[in-house]
4 protein chains.
Amino acid sequence: MNARKRAAPARTTVGDIDAEVLAYTAGRDLELDRALIEADCLGTAAHAATLARLPLRPPILSAADVRRIRAALREVVREAAAGAFTIGPEDQDVHLALERRLTERLGELGRRIHTARSRNDQVAVDLRLFARGELAETLAETAELARALVRFARRHAAVPMVGRTHQQPAMPSSVGLWASAHAESLLDDAALLLAAEEINNQCPLGAAAGYGVPLPLDRRYTARILGFGRATHNVLYAIHSRGKIESVILDALAQVMLTLSRLAQDLIQYAMPEFGYFRMPAAFGTGSSIMPQKNNPDVLELVRARAARVMAAASLVREILRAAPAGYNRDVQETKEPFMDGFAVTRASLRVLAPLIRGTTVNRAALRRAFEPSVFAADRALELAVAGVPFRDAYHRVKAGLDEWAGVAPEEALACKTHWGAPAGLDFAALDARVREAAKLARESRRHHTRVAARLLRAEGGA
Amino acid sequence: MNARKRAAPARTTVGDIDAEVLAYTAGRDLELDRALIEADCLGTAAHAATLARLPLRPPILSAADVRRIRAALREVVREAAAGAFTIGPEDQDVHLALERRLTERLGELGRRIHTARSRNDQVAVDLRLFARGELAETLAETAELARALVRFARRHAAVPMVGRTHQQPAMPSSVGLWASAHAESLLDDAALLLAAEEINNQCPLGAAAGYGVPLPLDRRYTARILGFGRATHNVLYAIHSRGKIESVILDALAQVMLTLSRLAQDLIQYAMPEFGYFRMPAAFGTGSSIMPQKNNPDVLELVRARAARVMAAASLVREILRAAPAGYNRDVQETKEPFMDGFAVTRASLRVLAPLIRGTTVNRAALRRAFEPSVFAADRALELAVAGVPFRDAYHRVKAGLDEWAGVAPEEALACKTHWGAPAGLDFAALDARVREAAKLARESRRHHTRVAARLLRAEGGA
Amino acid sequence: MNARKRAAPARTTVGDIDAEVLAYTAGRDLELDRALIEADCLGTAAHAATLARLPLRPPILSAADVRRIRAALREVVREAAAGAFTIGPEDQDVHLALERRLTERLGELGRRIHTARSRNDQVAVDLRLFARGELAETLAETAELARALVRFARRHAAVPMVGRTHQQPAMPSSVGLWASAHAESLLDDAALLLAAEEINNQCPLGAAAGYGVPLPLDRRYTARILGFGRATHNVLYAIHSRGKIESVILDALAQVMLTLSRLAQDLIQYAMPEFGYFRMPAAFGTGSSIMPQKNNPDVLELVRARAARVMAAASLVREILRAAPAGYNRDVQETKEPFMDGFAVTRASLRVLAPLIRGTTVNRAALRRAFEPSVFAADRALELAVAGVPFRDAYHRVKAGLDEWAGVAPEEALACKTHWGAPAGLDFAALDARVREAAKLARESRRHHTRVAARLLRAEGGA
Amino acid sequence: MNARKRAAPARTTVGDIDAEVLAYTAGRDLELDRALIEADCLGTAAHAATLARLPLRPPILSAADVRRIRAALREVVREAAAGAFTIGPEDQDVHLALERRLTERLGELGRRIHTARSRNDQVAVDLRLFARGELAETLAETAELARALVRFARRHAAVPMVGRTHQQPAMPSSVGLWASAHAESLLDDAALLLAAEEINNQCPLGAAAGYGVPLPLDRRYTARILGFGRATHNVLYAIHSRGKIESVILDALAQVMLTLSRLAQDLIQYAMPEFGYFRMPAAFGTGSSIMPQKNNPDVLELVRARAARVMAAASLVREILRAAPAGYNRDVQETKEPFMDGFAVTRASLRVLAPLIRGTTVNRAALRRAFEPSVFAADRALELAVAGVPFRDAYHRVKAGLDEWAGVAPEEALACKTHWGAPAGLDFAALDARVREAAKLARESRRHHTRVAARLLRAEGGA
C-alpha cells in the first residue's frame with residue numbers, strides 16, 4: 001500500500017550513494033524502534049481481528065488465521081522482552097522487521113495481515129500505544145515525587161525559612177510552604193499529563209495512508225479492543241495528528257520539567273555554604289578527591305539543563321509540523337527522537353529526584369540565620385494598619401523601630417498566618433488526597449494498558 | 001507591602017540614569033496594562049469584600065466602605081470603556097494607576113483597600129481574569145472557524161480531490177475529507193483550551209507576596225465571588241504559577257496556530273495556478289496593479305509566519321521561568337507581552353480565516369485534473385488482494401495495467417470508502433455536535449465571566 | 001511592478017472584512033516603519049542616481065530631476081527628524097508614504113522614481129541600511145560596557161574573591177579575574193557583530209522583485225554610493241537574503257545578551273545579603289517603602305529575562321524562513337518586529353549596564369568571608385606535587401591538614417598565579433587595546449554611515 | 001584538582017540509587033566522547049610539553065618523560081582508529097579513560113601528566129580541537145555543494161523558469177538564477193563558518209578549573225603547538241566560553257541548514273507532477289512497490305525537518321547557558337550532544353545533497369508550461385514606461401493587451417536582463433572564484449589540523 005521506505009527497485013547510481021541515502025533516511029530509527037515492538041504487535045493483533053470481522057466471503061483472515069497470528073505475535077513479544085528480537089539495517093524499521101518475522105513463521109499469511117493497512121496508520125497507533133504506557137509511568141513517577149515533597153513539607157511544616165522576593169529576604173515563611181509549593185506545581189502538571197492522555201486516547205488505525213480503504217473496516221471495534229476511548233474520526237486527521245500528539249504530550253512533559261528545574265534551582269542555591277539550608281544525601285552529589293567538604297549538585301544542575309532539553313524538544317516537534325502540507329510527509333519521522341527522548345529524560349529526572357528529596361535533611365540553625373529583623377517589617381506594619389494606624393504612619397513607625405524585632409521568634413510570625421494555603425494554614429490532607437488521586441489514576445491506566453495487551457495476545461481465541 | 005516598582009527615595013545619581021532605568025524597567029507595561037483595567041477593578045472589589053468579612057473590631061472596611069469602593073470601581077470601568085482612564089508614566093502600571101484614581105476619589109479609604117494585598121497577588125489574579133475572558137473568546141472563535149470548515153466540508157463532501165503523500169498524488173480523496181480533517185484538529189485544540197482553563201481556574205488572591213498575611217482572609221470566599229472553581233492552595237505556588245499559567249495557555253494557543261498554519265499552507269499551495277483547486281474571496285488576497293490575474297495569499301502567508309510567532313512566545317515564557325528561583329522575580333514581567341500577543345495573534349488569525357473559508361469556492365475541474373490513473377492503483381490492488389489474488393501478483397497486475405483506470409470516475413473510487421471517518425463515511429452529525437458543544441462552552445464561560453463582573457460591581461450591596 | 005500591499009480593486013465583500021484583513025496584513029508596520037524613513041530616503045536617492053546614469057534617450061531621469069528628488073528627500077528627512085513625517089493607515093508602510101509625499105511635491109516625477117524598482121528590493125536595502133547604523137551603535141555600546149568592566153577589573157584587580165565551581169567555593173580568585181572574564185566575552189561578541197556586518201555589507205538594490213529588470217542598471221554603482229562593500233550578486237538571493245541577514249544579526253545580538261545575562265546573574269547572586277560582595281548604585285535597584293534595606297535588582301532580572309527574549313527573536317526569524325519557498329513571500333514581514341526589537345532590547349541593556357558597572361562598589365570584607373581553608377587545598381596539593389610528593393600522598397596530606405590554611409592570606413595565594421590570563425597575570429593593556437579597537441571600528445562605521453547619508457542628500461549635485 | 005565526576009567516597013544509600021545517579025550524570029557521554037579521543041591525546045601531548053618547559057628543578061616532566069608520553073598517546077590514537085580503544089562505564093568519560101590507559105602503560109608518570117590541569121580546561125580544549133576539524137570538513141562539504149549548484153546553474157543558465165512571488169508566477173527567470181541563488185547563500189554561510197572558526201581559534205588550556213594554577217605555565221606556547229591563533233586570555237573566560245563556542249558554531253551550522261532547507265523545499269515542490277521541473281536521481285527518492293511512478297522526496301523532507309533540528313540545537317545550547325552562574329557548572333555537559341549532533345546532521349545533509357544536485361535533470365518543456373502571458377506583463381510595462389509612456393497608461397495598455405504576449409519567447413525576455421546578477425548577467429566566474437576560495441580555505445585548515453596532530457605525536461622529540 002504505502003511503501004515509503006522501500007527503495008525503488010531500479011537504480012542507476014552506485015552503491016555508495018545508496019548506502020549514504022539509506023543511512024540518511026534511516027536516521028536513528030533502528031535504535032528508537034526497539035521501544036515500539038510491543039506496540040507494533042498489539043496494533044497488528046487488533047488489525048488482524050478487525051480484518052477477520054469483515055463481512056467477506058472468503059474472509060481475508062479466518063478465525064484460525066487470527067489465532068496463528070496472535071501466537072506468533074506473542075512469541076515476538078517474548079523474544080523482544082528477552083532482547084532476542086532485533087531490528088536490522090535490512091529491516092529499516094520495526095514494521096518491516098515484524099513483517100519479516102511473521103512471514104518467516106507464517107508464510108503468505110504474514111503478508112496478508114497488512115491488507116488494508118499502511119505504515120502510516122501502523123506507526124501512528126504504535127506511537128499512541130507507546131505514549132499511553134509512558135504517560136501512565138510518568139504520572140506514577142510524578143505522583144511519587146509529589147508524595148516525597150508533601151512528606152518533606154509536612155515533616156518540616158513549622159521550620160521557619162525566610163521567604164524571598166528578588167532572591168532577597170522579604171518575609172517569614174516555612175520549609176513546609178516552600179516544599180509543598182513545588183508539590184502543588186507537580187499536581188497541576190499531573191492534570192496536564194491527564195489532559196494530554198485525553199487527546200492521545202483516540203485510535204488512528206484503519207486510516208491507512210490517510211485516505212481510508214475500500215473496505216468496511218469497523219474502526220470503532222479496533223479502537224475498543226486496543227483500549228482506546230474512541231477512534232480518531234477523520235482518517236486524514238488520523239495521519240495529521242502524528243506529530244501533533246507528540247507535541248501536546250511534550251508540552252505537558254515540559255511543564256513537569258519546568259517544575260523540576262525550579263525545584264533543582266532552589267536546591268542548588270540553598271546547598272551553597274552561604275545558605276546551607278538543606279543537605280542532600282551524599283549519593284546524589286559528586287565530591288572531590290581533594291576538596292572533601294564538597295558535595296557538588298551535579299544531578300541538580302543536569303535537571304536544570306535537561307529541562308531546557310525537553311523544552312527544546314517540545315518546540316522542535318511543533319516547528320517540524322508548522323509548514324507541513326496535507327497528508328503524510330517524511331518530516332514527521334524527525335519527531336520520534338525528541339518525543340521518546342522527552343519521556344526518557346523526564347522520567348529519569350523524576351526518578352532521581354524522589355529519593356533525593358526523601359534523603360534531604362534540613363539545617364534549622366542555618367535557616368534561622370537569615371531572619372534579619374527587617375524580615376518582620378511588612379507583617380508588623382500590616383498589624384499596625386489593622387489596628388487602625390494610618391498606613392503612612394504605620395510604615396514610618398516600623399521603619400524607625402526595626403531593631404525591636406531583633407528578638408522576634410520566626411515561629412510566632414508564622415503562627416499568625418493561618419489562612420488557607422498560608423504557612424500555618426497548609427491543608428496537607430487535601431494535598432495527600434490529590435497525590436493519592438494521581439497515583440490511583442496512574443495505576444489504573446497502567447493496569448488498563450496491561451490488560452488490553454494481555455487480552456489481545458492471549459492464547460485462547462476471541463478478541 | 002510589596003513595592004517592587006516604587007523607586008527607593010534616596011538617589012545619588014543624575015536624572016538621566018533614573019529616566020533610563022525607569023524606561024528599562026517599565027518596558028511596555030503602560031501600554032499592555034490597559035487590557036487589565038477591568039480585571040484590576042474586579043480583583044480589587046473582591047479583595048474589599050474579603051477584607052470586610054474579616055472578624056475584626058473595628059473592621060478594616062465597613063459595608064458602607066465596600067459600597068463606596070464598588071461605586072468608584074464601576075466608574076473606572078466605565079471610564080476605561082470610554083477610553084478615558086489612562087495609565088501614565090507616573091503610574092508605572094495599572095495597579096498604581098487604579099490606586100491613584102481611587103485615592104483621588106476616596107481619600108485614605110482608597111489606600112486602605114490595599115491592606116493585606118501585594119502587587120504580586122494582584123497582578124496574578126488580574127492575569128487569570130484576563131485569561132478567562134480571552135480563553136472564552138478564543139474558544140468561541142475556534143468553534144466558529146471549525147463550523148465554517150465543517151460546512152465547507154459538508155458542501156463539498158463528495159467532490160473528488162487527490163489525496164497526497166509526500167505532496168505527490170497517492171489515492172482518491174475528497175474535499176470533504178480534507179476540510180473536515182482541519183476542523184477535527186481544531187476541535188482537539190478546543191479541548192486543549194478547555195484544559196488550560198481548568199488550570200487557570202484557580203484564584204491566587206490572598207497570597208500577598210507569596211508568603212501570606214497575618215490575617216484570617218477567607219481565600220475560598222474570594223475565589224468564589226470572583227467566579228473561580230477554587231483557590232490556588234499554597235500561597236507561594238500562587239505566585240510561582242505566574243508565568244506557568246501563561247505558558248500552559250500559550251501551549252494551547254500554539255496548538256491552535258499549528259492547525260491554522262497547516263490549513264493556510266494547504267490553501268496557499270492549492271491556490272497556485274498549477275492547482276487552482278480553491279479560490280478564496282478577493283478581499284482576502286492582495287492583487288497587483290499590473291498583474292490583474294494575481295490574488296496573492298498574503299493573509300495566509302502571515303498566518304503561517306504568525307504561527308511561528310505564537311510558538312516562539314510559548315517557548316520564551318517557559319524559558320524565562322526555567323531557572324527562576326523561589327519567590328517573585330522581576331523576570332516574570334517579561335512574560336506579559338508574549339502572553340497577550342499570543343492571544344491577540346491567535347484570535348485575529350481565527351477571525352480572519354473564518355470568513356475566508358466561508359467565501360472560498362471550489363473548482364471541480366481543476367481538482368479532477370490531478371486524477372492520473374496511478375491514483376487508483378493502491379485501492380485496486382487491495383481489491384484484487386481481497387478477492388484472493390496473492391499480494392505480489394495483485395501488485396504486478398496493477399502495475400502492468402495502469403492505463404485501464406484512465407476512465408475510472410473518482411466518485412466511484414470514493415464511494416467505496418464508507419467506513420467511519422473515510423471519505424464516504426464522514427460523520428458530519430458528530431462533527432456538528434462537537435462544534436456546538438465547543439460553542440456552548442464558550443458562551444457559558446463568557447456569560448459566567450460577565451455575570452461575575454456585573455455582580456461584583458453592582459450598585460446594590462452584598463457580594 | 002510589485003504591488004503586494006495594494007488591494008485588488010474589485011471587491012465583493014463588505015467593508016468590515018476589508019478592515020479586518022487590512023489590519024491583519026499591516027500588523028505593526030505603521031509603527032515599525034518609522035525607523036526606516038531615513039533609509040528609505042537614502043535608497044531612493046541612490047536609485048534615482050542610478051536611473052539617471054542609464055544610457056537612455058530620453059533619460060528616465062535627468063540631472064535636474066535628480067536634484068529635485070534629492071531636495072525633496074532632504075526635506076522628508078528633516079520632517080522625520082522633527083516628527084512631522086507620518087505614516088498613516090492609508091499608506092500602509094513607509095514606501096507608500098514616501099511615494100505619496102514625493103508625488104505631492106514632485107507630481108509625476110515622484111512616481112517615476114519607482115521605475116525599475118520593487119518594494120522588495122526597496123525594503124531589503126532599507127533594512128540593511130538600518131542594520132548598518134544600528135550595528136555601529138551596538139558595537140559602540142558594547143565597547144563602552146567592556147571598557148567599564150575592564151576598568152572595574154583593573155581597579156579591583158587584586159581584591160580576592162572566591163572562585164567557584166558548581167557555585168561552591170573552590171579556589172582563590174579575584175574580582176579582577178571575574179570582571180574581565182565578562183569583558184573578554186563581550187569583546188568576542190564584538191567580533192561577531194563585525195562578522196554580521198560583513199554579511200550585511202552587500203547592496204540588494206536593483207534586484208527588483210528578485211528577477212531583475214530589462215534595463216542595464218549599474219548595481220555596483222548603486223552599492224558604492226550607498227556605501228556598501230559590494231552588491232549582492234544574484235538578484236534572487238538579494239531577495240532571499242531578507243530575513244537571513246536579520247537572522248545572522250540576531251544571532252550576534254543574542255550572543256551579546258548571553259554575556260549580559262550571565263553578568264546579571266552573577267550580580268544578582270552576589271547582591272544577596274548572604275554574599276554582599278557588590279553594591280550597585282541605588283538608582284539601578286528598586287526599593288521598598290516598607291523594607292528600607294531592600295535594593296532589588298529588578299534591572300538585572302530584566303536583563304536576564306530579556307536575554308531570553310532576544311534569543312527567542314533569533315530563533316523565530318530563522319524558523320519563519322525555514323520552509324519558505326523561492327521568491328518573495330509575505331512571511332518575511334514577520335521578521336521585522338523581532339529584528340528591530342532585538343536591536344532595541346540589546347542596546348537598552350548595554351546602556352543600562354554600563355553606568356551600573358561604573359557605579360558598583362566592592363565590599364572587601366564580605367568577599368573575604370568566603371575564604372574557608374579548603375579553598376586553598378587544590379593549589380596547595382599542586383605545590384606539593386610539584387615539589388615531588390606523589391599525587392596521592394599530596395592529596396592525603398592536604399586533606400588531613402586543612403586547618404593549617406585557616407590563616408593563609410588570599411592575596412598570597414593569588415600572587416602565585418602569574419601566568420598569562422591568571423588572576424595575577426591579567427594583561428590589561430591587551431584588553432584595553434581590544435576595547436579601543438572595537439570603539440574605533442564603531443566610530444568609523446558610524447562616521448561612514450553619516451558621510452554616505454550626507455553625500456547622497458547633499459544640495460549641490462553629483463552623486 | 002577538579003574531580004566533578006568522581007563520586008564522594010562515603011555513601012549511606014544503596015547501590016540502586018548509585019547506579020541511577022551514575023546513569024543520570026553520565027548521560028550519553030560514553031558514546032559521544034569517542035569522537036574526542038584524538039583531541040584528548042593532542043591536548044595531553046601539548047600539556048606535557050608545556051609542563052616540561054617549566055623552569056623547575058627537578059622538572060615535573062623530563063624530555064624523556066615527554067617522549068614516553070608521546071609514544072603512548074600515539075599508540076592510543078592508533079588503537080582508537082582501529083576501534084580498539086574503548087571508554088567503559090567505569091571510566092565515565094574520555095579523560096578518565098585516557099588517564100587509565102596512560103597509567104596502565106606509564107605507571108605514576110601517567111598520573112603526573114595531569115599536574116596543573118583540570119578536567120575543565122581539558123574538555124574545553126578537546127572540544128575546540130574537535131570543532132576545528134569538523135569546521136574544516138563542513139566548509140569543504142559546503143564548498144562542494146556550492147560547486148555542484150554553480151555547475152548546475154551554469155549548465156542551465158539560459159533555461160527559462162518562471163520567477164515567483166507568493167509562490168505564484170510573476171516574471172521571467174531562469175534555472176541558472178534559481179540554482180545560483182542557493183549557491184550564493186551557501187557562500188555567505190561559508191563566511192559564517194569561517195567567522196565561527198575565528199572565535200574558536202583560541203586555546204583555553206592552562207586555565208585549569210577557571211582560576212589558573214600557581215605555576216608559570218607558558219599558555220601562549222601551548223596555544224602555538226596546538227596550532228591555535230592565540231590563547232584565550234582570561235582563564236575564567238576560558239571556562240565560560242565552553243558552551244558559548246558551541247553556540248556560535250551551531251548558529252553558523254543553522255544558517256547552512258537554513259539554506260539547505262529552502263533548497264530542499266523548492267526541490268520538493270518542483271518535483272510534484274503539477275510542476276515536474278526537475279527530476280532527481282532515483283537513488284535519492286524512495287519509490288512505492290505499488291505506485292511505480294512515485295519517487296518520493298524523503299531525503300529532501302528529512303533535510304527540511306533536520307534543519308529544524310539543528311536550529312533547535314542552536315537555541316538549546318544558548319538557553320542552557322543563559323542563567324549559568326560564574327565558573328563551571330555541570331549544565332554545560334548537556335551542550336555536548338546538540339553540538340556534535342549539529343555537526344553530524346549538517347555534514348550528512350551537505351553530503352547527501354551534493355550528488356543529488358549533480359544527478360538532477362531538468363525538464364525544459366515542463367518549465368515552459370508555466371509561462372502564461374501575464375508573466376511578461378511587468379517587464380513590458382517597464383519598457384513602455386522607459387519609452388516615455390506615463391506609468392498609469394503603460395499599465396492600462398499592458399492589462400488590456402495581455403494576450404499579445406501569448407507568443408513571446410521566454411528566452412527573449414530573459415536576454416534583456418543583463419545587469420550584474422540578473423538572469424542574463426550572472427557572473428559565474430566570480431561564483432567559481434568564491435567556491436574555489438572556500439574549498440582552498442577548507443583544505444588549508446584540514447592540512448593545518450593534520451600537521452599539528454602529526455607534529456605533536458611524532459616519534460622524534462621536540463615539540
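Note: hydrogens, waters and symmetry copies are ignored here, and every other heavy atom, side chains too, is used. Note on naming: letters A, B, ... go to the chains in the order of the sequence lines (proteins, then strands), and numbering restarts at 1 for each one.
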*Asks:* Mind checking whether C:V162 and C:P172 have side chains closer than 4.5 Å, heavy atoms only?
*Replies:* no
*Asks:* Would you mind checking which part of D:D266 comes under 4.5 Å of any heavy atom in chain C, side chain (CB onward), backbone (N, CA, C, O), both or neither?
*Replies:*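 Looking at D:D266, just its side chain touches chain C.
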*Asks:* Checking the side chain of D:R219 only, and the main-chain atoms of D:L205 only, is there a donor and an acceptor separated by less than 3.5 Å?
*Replies:* yes
*Asks:* Looking at C:G421 and C:L426, what are the two nearest heavy atoms and their distance?
*Replies:*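 Smallest interatomic distance, heavy atoms only, reads O-CD2, 3.7 Å.
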*Asks:* Which residue out of D:L51, D:L177, D:L431 racks up the most heavy-atom pairs below 4.5 Å with chain C?
*Replies:* D:L177
*Asks:* According to ring pair (Phe, Tyr, Trp, His ring centres under 6.0 Å), who are the partners of C:H240, at least two apart in sequence or on a separate chain?
*Replies:*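 If we apply the ring pair (Phe, Tyr, Trp, His ring centres under 6.0 Å) test to C:H240, skipping adjacent residues, the hits are D:H182.
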*Asks:* Could you tell me which of D:L414, D:V248, D:L263, D:L236 has the largest number of non-hydrogen atom pairs under 4.5 Å with chain C?
*Replies:*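 Most heavy-atom pairs under 4.5 Å with chain C: D:L236.
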*Asks:* Does C:H233 have any ring pair (Phe, Tyr, Trp, His ring centres under 6.0 Å) partners at least two apart in sequence or in another chain, and if so, which?
*Replies:*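 Only D:W420 meet the ring pair (Phe, Tyr, Trp, His ring centres under 6.0 Å) criterion with C:H233.
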*Asks:* Among the options D:I239, D:T418, D:I199, D:L54, pick out the one with the most heavy-atom pairs lying under 4.5 Å from chain C.
*Replies:* D:I199
*Asks:* Has C:Y211 got a side-chain atom pairing as donor or acceptor with D:R164's backbone, closer than 3.5 angstrom?
*Replies:* yes
*Asks:* Does any heavy atom of chain C fall under 4.5 Å from the side chain of D:Q202, the backbone, both, or neither of them?
*Replies:* side chain
*Asks:* Using distance alone, with no hydrogens and no angle criterion, decide if C:E197 and C:N200 have a side-chain donor and acceptor under 3.5 Å apart.
*Replies:*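 There is such a pair between these side chains.
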*Asks:* Can you tell which of C:R230, C:E383, C:M257 has the highest number of heavy-atom pairs within less than 4.5 Å of chain D?
*Replies:*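 Most pairs with chain D among the choices: C:R230.
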*Asks:* Let me know if D:T232 has heavy atoms under 4.5 Å from chain C in its side chain, its backbone, both or neither.
*Replies:* both
*Asks:* Is chain C contacted by the side chain of D:R220, its backbone, both, or neither, given a heavy-atom distance below 4.5 Å?
*Replies:* side chain
*Asks:* Anything in residues 186-195 of chain D with a heavy-atom distance to chain C below 4.5 Å? Please list those residues in order.
*Replies:*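 Listed by number, the contacting residues are D:D188, D:D189, D:A191, D:L192, D:A195.
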*Asks:* Give a yes or no on whether the backbone of C:I320 and the side-chain of C:D331 come within a donor-acceptor separation of less than 3.5 Å.
*Replies:*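 It does not hold such a pair.
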*Asks:* Is D:R318 salt-bridged to C:D251, cutoff N-O under 4.0 Å?
*Replies:* yes
*Asks:* Between C:Q265, C:R304, C:K417, which residue shows the highest count of heavy-atom pairs closer than 4.5 Å to chain D?
*Replies:* C:K417
*Asks:* If you count heavy-atom pairs under 4.5 Å between each of D:A430, D:A308, D:A314, D:P216 and chain C, which one has the most?
*Replies:*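 Highest number of heavy-atom pairs under 4.5 Å: D:A308.
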*Asks:* Given a strict heavy-atom distance threshold of 4.5 Å, which part of D:A305 is in contact with chain C: side chain, backbone, both, or neither?
*Replies:*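 The backbone, not the side chain.
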*Asks:* Under a 4.0 Å threshold between the charged nitrogen and the carboxylate oxygen, would D:E108 count as salt-bridged to D:R111?
*Replies:*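 The answer is no: the pair does not qualify as a salt bridge.
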*Asks:* Rounded to the nearest 0.5 Å, what separates atom CG in C:L215 from atom CD1 in C:I60?
*Replies:*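 CD1 of C:I60 is found 5.0 Å from CG of C:L215.
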*Asks:* Find the one option among C:A238, C:S247, C:A264 whose heavy-atom pairs under 4.5 Å with chain D are most numerous.
*Replies:*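 The answer is C:S247.
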*Asks:* Under 4.5 Å from any heavy atom of chain C, what part of D:R434 do you find: side chain, backbone, both or neither?
*Replies:* side chain
*Asks:* Between the side chain of D:T222 and the main-chain N/O of D:D218, is any donor-acceptor distance below 3.5 Å?
*Replies:*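 Yes, the answer is positive, given that a donor and an acceptor are paired below the 3.5 Å cut-off.
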*Asks:* Quick one: pull up OH in C:Y270 and CH2 in C:W178 and give me the separation to the nearest 0.5 Å.
*Replies:*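 If we round to the nearest 0.5 Å, C:Y270:OH and C:W178:CH2 are 8.0 Å apart.
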*Asks:* Select, from C:P58, C:S241, C:A231, C:G388, the one with the greatest count of heavy-atom pairs under 4.5 Å involving chain D.
*Replies:*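 Of the candidates given, the most pairs with chain D belong to C:A231.
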*Asks:* Using 0.5 Å steps for rounding, measure from the CG atom of C:L316 to the CE atom of D:M311.
*Replies:* 11.5 Å
*Asks:* So, using ring pair (Phe, Tyr, Trp, His ring centres under 6.0 Å) as the criterion, who are the partners of C:Y237 when residues are at least two apart?
*Replies:* none
*Asks:* What residue, out of D:C416, D:S315, D:A181, has the most heavy-atom pairs lying under 4.5 Å from chain C?
*Replies:*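 Most heavy-atom pairs within the cutoff with chain C belong to D:A181.
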*Asks:* Find the one option among C:G327, C:A422, C:S261 whose heavy-atom pairs under 4.5 Å with chain D are most numerous.
*Replies:* C:S261
*Asks:* Of all of C:P423, C:A385, C:A324, which one pairs up most often with chain D through heavy atoms under 4.5 Å apart?
*Replies:*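 The option with the most such pairs is C:A324.
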*Asks:* Can you tell which of D:A326, D:G163, D:S185, D:A307 has the highest number of heavy-atom pairs within less than 4.5 Å of chain C?
*Replies:*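 The residue among D:A326, D:G163, D:S185, D:A307 with the greatest pair count is D:S185.
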